[in-house]
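Just so it is clear, the values below take in all heavy atoms, side chains as well, and ignore hydrogens, waters and symmetry mates. Keep in mind that this is a model prediction, so the values were computed, not measured.
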Amino acid sequence: MTAPTDRAEVRKLAAAIEEALTQTEEPPTAFRDETEPPRFGPAPPVPQPGRPPMSQKAVDDSVRMLCGSALTLAVGGAGTGLLWASGHANPYVVGIVCAGPPALALAVSRVVRRFREAVAAAPAEQHHHYTGTVHQDLRQTHTSGVWARTNNQ
């Protein structure tokens, strides 16, 4: 036989279920968290929709290819206009007109790449600020021979 307290608990539960079923207000289907996310943290980066993540070199190469294709289109149009206007053309001249700008673009890109490498290889500029007395020791060490002898001058 069940105790009176158990029956009271069952009645409370049944009343709560009836109340939940008779509510006309629908529960929220979305929640927006308005708190500001931290600027950095332990979470790994998540790929975003759109273009996939690429290295800087890949981005530079794709931009170079897009510019080269636009340049090739312009040169091809100019070559076509030249052939149409003249009625006939020397193949050597057509080759120079069509191959000149892309060759120039490749040469410029190589110069820019070497310039970037030279700038990256340059030593970093250093600034030292001292307070008080400074002593500079300018001795150099010279070693020579099979048995090394050090002469500090």
Peer 1: So how far is it from Arg64 CZ to Ser69 OG, rounded to the nearest 0.5 Å?
Peer 2: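 With rounding to 0.5 Å, CZ (Arg64) is 13.0 Å from OG (Ser69).
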Peer 1: Quick one: closest heavy-atom pair of Val59 and Ser62, and the distance?
Peer 2: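 Nearest pair, atom of Val59 first, then Ser62: O-OG, 2.8 Å.
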Peer 1: Are Arg32 and Glu34 ion-paired here, with the side-chain N under 4.0 Å from a carboxylate O?
Peer 2: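 Between Glu34 and Arg32 there is a salt bridge, with a charged N closer than 4.0 Å to a carboxylate O.
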Peer 1: Can you tell me how far CG of Leu71 sits from CG of Leu66, rounded to the nearest 0.5 angstrom?
Peer 2: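 So the CG of Leu66 and the CG of Leu71 are separated by 12.5 Å.
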Peer 1: Please give the remaining members of the hydrophobic cluster of Tyr130, linking ILVMFWY side chains under 4.5 Å, ordered by chain and number.
Peer 2: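 ILVMFWY cluster around Tyr130 also holds Val134.
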Peer 1: Without placing hydrogens or testing angles, list every side-chain donor-acceptor pair under 3.5 Å for residues 108-118, not counting sequence neighbours.
Peer 2:
from, atom 1, to, atom 2, distance (Å)
Ser109, OG, Ala105, O, 3.4
Ser109, OG, Leu106, O, 2.7
Arg116, NH1, Asp60, OD2, 3.3

Peer 1: Report the distance from atom NZ of Lys12 to atom CD1 of Ile17, rounding to the nearest 0.5 Å.
Peer 2: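 Output value for this atom pair is 14.5 Å.
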